[in-house]
S.K.: 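Below is a structure I'd like to ask you about.
Residue numbers start from 1 in every chain, and the chains themselves are labelled A, B, ... in the order their sequence lines are given, proteins ahead of strands. All values derive from a computational prediction rather than experimental measurement.
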Protein chains: 2
Amino acid sequence: MTIDQLDERPLWVQLAAILRERILAGEFEPRQTLPSESHLQQEHGISRGSVRRAIRALADEGYVVVRQGRGSFVAPREAWPEV
Amino acid sequence: MTIDQLDERPLWVQLAAILRERILAGEFEPRQTLPSESHLQQEHGISRGSVRRAIRALADEGYVVVRQGRGSFVAPREAWPEV
DNA sequence: GAGAATTTGTACGTATGTATG
DNA sequence: ACATACATACGTACAAATTCT
């Protein structure tokens, strides 16, 4: 799954879907850090603003906890939405 | 090929023909952006409304994909009409 | 402790496209 | 043809918090 400029969904929605999938697949363990914003920016070829919107969406859903100066962490499973 | 104000065809039909020709000639590659609306507007000396009608016509035909905040892209060849 | 590097937070400006009047 | 408002997206710069050397 990759970012597609021709996809009708906003870029940040596409990235949020990618990260959510990787979290649910167990690629990122709870309490572990996600890749940094600049890393995700370069990896997917989008702006940092779009990366931050995607992470904010996942934080609102409960999948991610963001801490200034430290990074973005996968939230404990208890914080995740009902499956 | 240029826009002719004395031509009986609407300006947007003329512009659509020009852009379609340039796309088919390979001047604009699939998945690449077209020139912006304001650029086309100045380049051909017509209104933005006429430019948008031309682009919409090409989008309806399948040659172009329009995405808010990103631009207008040349569609992949699979989306083009039969040649 | 000091300083550099990294990471997230905030605030702009610019460009583009959409929608409405 | 013009104006307005809004959403999306990119770029830049700097601040704040943390970590590393």
S.K.: Using whole Å, report how far CG of L40(A) lies from P of dT7(C).
M.R.: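 Spelled out: CG on L40(A) to P on dT7(C) is 11 Å.
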S.K.: Just how far, in rounded Å, is P of dT16(C) from CD1 of I46(A)?
M.R.: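 Rounded to whole Å, this separation is 20 Å.
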S.K.: Using heavy-atom distances to pick each residue's nearest nucleotide on DNA chain D, tell me which of R53(A) and R48(A) is more 5'.
M.R.: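 Going by which nucleotide is closer to the 5' end, it is R53(A).
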S.K.: Would you mind reading off the distance between E37(B) atom CD and dG17(C) atom C1', rounded to a whole angstrom?
M.R.: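 Interatomic distance, CD of E37(B) to C1' of dG17(C): 6 Å.
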S.K.: Could you check how far CD of E8(A) sits from C1' of dA9(D), rounded to whole Å?
M.R.: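 Value for this atom pair: 17 Å.
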S.K.: When you measure from the side chain of R70(B), which nucleotide among dT18(C), dA9(D), dT16(C) comes out closest?
M.R.: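 Looking only at heavy atoms from C-beta outward on R70(B), the closest nucleotide is dA9(D).
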S.K.: Select base, sugar-phosphate, or nothing to describe what G71(A) touches, counting heavy atoms under 4.0 Å on all strands.
M.R.: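 Touches sugar-phosphate only.
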S.K.: On the nucleotide dC10(D), are OP1 or OP2 found under 4.0 Å from the side-chain N or O atoms that S50(A) carries?
M.R.: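 For dC10(D), OP1/OP2 do have a side-chain N/O of S50(A) under 4.0 Å.
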S.K.: Would you kindly give the NE2-to-C1' distance between H39(A) and dT7(C), to the nearest whole Å?
M.R.: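 Checked: the NE2 to C1' distance equals 14 Å.
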S.K.: Please name the pair of heavy atoms, one in I55(B) and one in V64(B), separated by the smallest distance, quoted to 0.1 Å.
M.R.: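 It is CG2-CG1, 4.2 Å.
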S.K.: Any idea which of dT8(C), dG11(D), dT18(D) is nearest the S72(A) side chain?
M.R.: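 Of dT8(C), dG11(D), dT18(D), dT8(C) is nearest to the side chain of S72(A).
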S.K.: Tell me: CD1 of I55(B) to P of dT16(C), nearest whole Å?
M.R.: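 Those two atoms, CD1 and P, are 11 Å apart.
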S.K.: Return the nearest nucleotide to the side chain of S47(A); candidates are dA9(D), dT16(C), dT7(C).
M.R.: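 Comparing dA9(D), dT16(C), dT7(C) against the side chain of S47(A), the answer is dA9(D).
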S.K.: What integer distance in Å separates R56(A):CZ from dT7(C):P?
M.R.: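 It is 22 Å, rounded to the nearest whole Å.
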S.K.: If pairing requires Watson-Crick or G-U wobble contacts with both distances under 3.5 Å, which nucleotide is the partner of dG11(D)?
M.R.: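 When the pairing criteria are applied, dC12(C) turns out to be the nucleotide that pairs with dG11(D).
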S.K.: Report yes or no: does Q41(B) contribute a side-chain atom to a donor-acceptor pair with the main-chain N or O of V51(B) at less than 3.5 Å?
M.R.: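 Not at all, since once roles are kept as given, no pair shorter than 3.5 Å links the two residues.
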S.K.: If only atom types and distance count, is the side chain of Q14(A) paired as donor or acceptor with the main-chain N or O of R9(A) below 3.5 Å?
M.R.: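 Present.
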S.K.: Are any side-chain N or O atoms of H39(B) and backbone N or O atoms of P35(B), one a donor and one an acceptor, separated by less than 3.5 Å?
M.R.: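 Absent.
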S.K.: Closest nucleotide of DNA chain D for Q41(A) versus for Q68(B): which of these residues is on the 5' side?
M.R.: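 The residue closer to the strand's 5' end, by nearest nucleotide, is Q68(B).
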S.K.: Between dT16(C) atom P and L11(A) atom CG, what is the distance in whole Å?
M.R.: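 Going from CG in L11(A) over to P in dT16(C) covers 16 Å.
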S.K.: Taking only the side-chain heavy atoms of R52(B) (C-beta and beyond), determine which of dG9(C), dT18(C), dT7(C) contains the nearest atom.
M.R.: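 Out of dG9(C), dT18(C), dT7(C), the nucleotide with an atom closest to R52(B)'s side chain is dT18(C).
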S.K.: Whether the side chain of R22(B) engages the backbone of E27(B) through a donor-acceptor N/O pair (distance < 3.5 Å, no angle test) should be reported.
M.R.: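 No; zero donor-acceptor contacts below 3.5 Å.
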